[in-house]
2 protein chains.
Amino acid sequence: MAGVSTPASIEELLDRMLDISGGLPKRLKQCADYVAANPDRIAVSTVAEMAEGAGVKPSAFMRFCQVLGFSGFSQMQRLFRETYAQNWPDYATRLEKLRESGAGSPSALLAEFIEAGRLSLENLAKTIDPRTLDAAIKTLSDAHMVHIIGLRRAFSVAAYFAYAFEKMNVPTMLHDTVGGLDSRHAIRPGDAVIAITFAPYTRETIELAEAARAGGAEVVAITDAIASPLRPITPLLLTVSEADFGDFRSLSATLSLAVALVVAVGARARAK
Amino acid sequence: MAGVSTPASIEELLDRMLDISGGLPKRLKQCADYVAANPDRIAVSTVAEMAEGAGVKPSAFMRFCQVLGFSGFSQMQRLFRETYAQNWPDYATRLEKLRESGAGSPSALLAEFIEAGRLSLENLAKTIDPRTLDAAIKTLSDAHMVHIIGLRRAFSVAAYFAYAFEKMNVPTMLHDTVGGLDSRHAIRPGDAVIAITFAPYTRETIELAEAARAGGAEVVAITDAIASPLRPITPLLLTVSEADFGDFRSLSATLSLAVALVVAVGARARAK
DNA sequence: GCTGCAATGGAATTTTTATTCCAATTGCGT
DNA sequence: ACGCAATTGGAATAAAAATTCCATTGCAGC
């Protein structure tokens with residue numbers, strides 16, 4: 001039987017489909033067309049569902065998978081599921097290994113962090129919701145002033161926001177804890193707040209966001225998990241999941257999001 | 001049993017998770033955390049896989065689904081399969097889609113910055129000189145104290161250094177210009193300075209680096225061009241060229257370099 | 001119009017996966 | 001330390017899904 005090798009990637013699979021789709025019997029052609037049109041369904045459907053979608057019987061769809069070089073539907077589905085699920089490497093394990101091998105060379109370490117950044121960026125592209133992004137930008141550019149709060153790890157993101165907004169002439173205030181001063185009363189109705197925090201969430205950031213909301217200001221949240229404590233506070237929730245490496249998290253995706261926000265807001269504000 | 005209604009959307013589900021996650025037994029809490037961190041996996045995994053990911057037995061995960069208001073795992077999975085069906089082509093396709101959403105639209109802008117970040121990371125991997133990196137790490141981990149100076153755009157990198165070194169218990173001082181105070185006399189022989197600046201170079205950063213060098217401290221420079229004004233000051237020159245989009249430059253590569261430096265220095269310092 | 005071969009549909013079978021149930025264990029209040 | 005209730009792990013059961021097999025259908029060449 002399997003004179004043909006099983007495709008190792010979705011691209012390979014599509015190539016093979018193109019190759020053979022000319023000389024395919026009617027039902028199998030239907031399968032090919034349906035798969036080509038709805039590749040995203042494969043990962044989450046059963047053979048029965050795929051077959052029905054293609055207008056054929058399950059056994060026909062089954063044969064189609066085999067013609068493609070798979071042992072059956074399950075094997076083909078596995079390929080799609082693996083591609084679909086973000087495959088973060090298991091960094092806990094990797095870091096462990098790196099430590100074992102004599103702390104590893106710094107270049108190897110750097111390579112890992114570069115990889116982590118790359119994955120985070122890819123993931124951002126896949127998960128960002130354009131509508132929320134649009135809404136956040138509208139809110140920020142309509143605000144009289146943009147307040148920024150982000151502490152600890154998120155402080156560097158907050159600092160970048162402050163720098164970049166400043167450069168785009170958007171009125172901005174960076175909230176920090178220098179001198180133990182409480183600056184939350186500077187937030188007024190009609191203003192907007194960008195609150196940035198990642199697990200373990202910083203209490204001060206959340207409190208400031210809550211206070212701002214209560215005082216009639218809009219809040220745009222940048223956070224990591226869907227279960228972030230900022231979620232109850234605002235619908236404008238931009239989630240960025242960064243690959244972390246041990247205790248250290250990449251900030252690549254977060255900063256890319258930041259700069260995109262700033263430029264979009266700056267452009268809109270200027271147009272008015 | 002089902003005193004609670006079954007969630008009709010992922011938002012509803014997450015709300016409920018938030019509600020109850022406080023008073024949840026250990027294993028069910030593990031499930032909640034795992035689901036919150038990898039919501040995308042649910043659609044394409046079996047209970048057994050999810051349970052393993054959460055570090056619990058399948059029956060525990062099962063109970064978790066029921067606590068959430070579902071009849072079982074299958075019903076919960078159906079919710080995720082339906083809503084995630086539209087998302088998720090691969091990275092390249094997705095990025096293309098974001099770009100197509102109209103030149104100047106926020107999504108398109110974000111796509112450009114993501115791409116810029118990726119290019120920067122790739123470039124960093126190719127151009128970094130392992131020997132300079134090694135030498136920089138050695139210098140920093142031998143220092144009594146690490147001073148950090150970076151202003152304007154580089155300030156967010158400096159802030160990140162300060163945060164991360166602090167977390168690794170490396171004695172650190174972040175130099176800023178708050179209050180117009182001059183803190184350069186805090187730098188003593190045997191200390192090291194990380195100076196970060198990009199074109200157009202910030203005068204204060206360069207002056208501080210010069211002063212430090214004159215006073216007998218080592219300087220590690222993070223900068224963008226070979227012709228950087230920091231070059232005459234120190235041989236420990238880590239150059240990072242970031243891709244830019246418009247006037248805005250990514251910081252992805254610089255931050256990846258920063259975290260790699262910190263972890264390597266932290267590991268070495270601890271080993272002593 | 002018959003023959004033989006490829007294609008098809010449907011039913012039977014096997015495998016995988018979800019779900020339930022119960023016994024063992026843990027942790028808590030007394 | 002004891003008993004009780006809640007929690008947990010594991011095995012048994014039920015359900016669903018994949019896969020195979022075979023009888024039937026359609027179709028090309030003779």
Side-chain angles (χ1 to χ4, degrees), chain A residues 1-4 6-7 13 17 20-35 38-39 41-82 84-85, chain B residues 1-4 6-7 13 17 19-35 38 41-82 84-85:
Chain A
M1 186 169 276
V4 281
T6 85
L13 184 155
M17 263 179 47
I20 60 172
S21 68
L24 233 42
K26 188 161 150 235
R27 293 287 119 109
L28 301 204
K29 185 79 175 54
Q30 283 174 248
C31 294
D33 290 347
Y34 185 70
V35 167
N38 314 318
R41 295 245 171 106
I42 298 175
V44 294
S45 302
T46 64
V47 239
E49 285 162 352
M50 291 302 292
E52 186 181 347
V56 304
K57 294 284 148 184
S59 48
F61 199 90
M62 207 62 226
R63 254 173 273 128
F64 172 70
C65 298
Q66 286 163 352
V67 164
L68 249 30
F70 296 100
S71 71
F73 176 72
S74 297
Q75 199 183 67
M76 172 162 143
Q77 190 178 50
R78 195 165 321 138
L79 182 63
F80 280 82
R81 288 190 167 171
E82 275 160 16
Y84 178 109
Chain B
M1 180 168 282
V4 282
T6 85
L13 184 156
M17 263 179 48
D19 272 1
I20 60 173
S21 67
L24 234 43
K26 190 163 147 230
R27 293 285 117 106
L28 300 202
K29 186 77 175 52
Q30 282 174 250
C31 294
D33 290 347
Y34 185 71
V35 166
N38 316 335
R41 280 226 162 85
I42 299 175
V44 294
S45 301
T46 64
V47 242
E49 285 163 352
M50 291 301 293
E52 187 183 346
V56 304
K57 295 281 145 183
S59 48
F61 200 90
M62 206 63 224
R63 254 175 273 128
F64 173 70
C65 298
Q66 286 163 351
V67 165
L68 249 32
F70 296 101
S71 70
F73 176 73
S74 298
Q75 199 183 67
M76 173 163 143
Q77 189 177 52
R78 197 164 318 137
L79 184 62
F80 280 82
R81 288 192 167 170
E82 278 159 14
Y84 269 79

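Excluded from the calculations below are hydrogen atoms, water molecules and symmetry mates; all remaining heavy atoms, backbone and side chain alike, are included. Just so we're on the same page: letters track the sequence lines, and every chain starts at 1.
- Base contact: S59(A) has a heavy atom under 4.0 Å from a base atom.
- Residue Q66(B) has its side chain nearest to dT20(C) when only dT20(C), dA18(D), dA18(C) are considered.
- When side chains are defined from C-beta on, F64(A) does not count as touching V56(A), because their heavy atoms never get closer than 4.5 Å.
- We find that CE of M76(A) is positioned 11 Å from P of dT19(D), with the value rounded to whole Å.
- Checking the phosphate oxygens (OP1, OP2) of dT8(D), no side-chain nitrogen or oxygen of K57(B) falls inside 4.0 Å.
- Checked by atom type and distance alone, the side chain of Q77(B) pairs as donor or acceptor with a backbone atom of S45(B) at under 3.5 Å.
- The distance between atom CD1 of I42(A) and atom P of dA17(D), rounded to the nearest whole Å, is 17 Å.
- Here dT20(D) is the nucleotide among dT20(C), dT19(C), dT20(D) with the atom lying nearest to any side-chain atom of M62(A).
- Using a 4.0 Å cut-off, no side-chain N or O of R27(A) falls inside it from OP1 or OP2 of dA6(C).
- Closest to the side chain of R63(B), out of dG9(D), dT8(C), dA18(D), is dG9(D).
- Here the C1' atom of nucleotide dC27(D) and the NZ atom of K26(A) are 12 Å apart, to the nearest Å.
- In this structure, F61(B) atom CZ and dT17(C) atom C1' are separated by 14 Å, rounded to whole Å.
- Counting heavy atoms from C-beta outward, V35(A) and M50(A) have side chains that approach closer than 4.5 Å.
- Scored by the side-chain hydrogen bond (donor to acceptor under 3.5 Å, both in side chains) test, Q30(A) finds R27(A) as partners (sequence neighbours excluded).
- The interatomic distance linking Q30(B) (CD) with dT7(D) (C1') rounds to 12 Å, in whole Å.
- Taking atom CZ of residue F70(B) and atom P of nucleotide dT19(C), one finds them 12 Å apart after rounding to whole Å.
- As a whole-Å value, the separation of L28(A) CG from dG9(C) P is 10 Å.
- The shortest distance between the side-chain N/O atoms of S74(B) and the OP1/OP2 oxygens of dT19(C) is below 4.0 Å.
- Minimum atom distance to the side chain of F73(B) is reached by dA18(C), of the listed dA18(D), dA18(C), dA7(C).
- Of all nucleotides listed (dA18(D), dA18(C), dA7(C)), dA7(C) comes nearest to the side chain of P25(A).
- L13(B) has its side chain within reach of F70(B): a pair of non-hydrogen atoms, C-beta onward, lies under 4.5 Å apart.
- Rounded to whole Å, the distance from CD on Q77(B) to P on dA16(D) is 14 Å.
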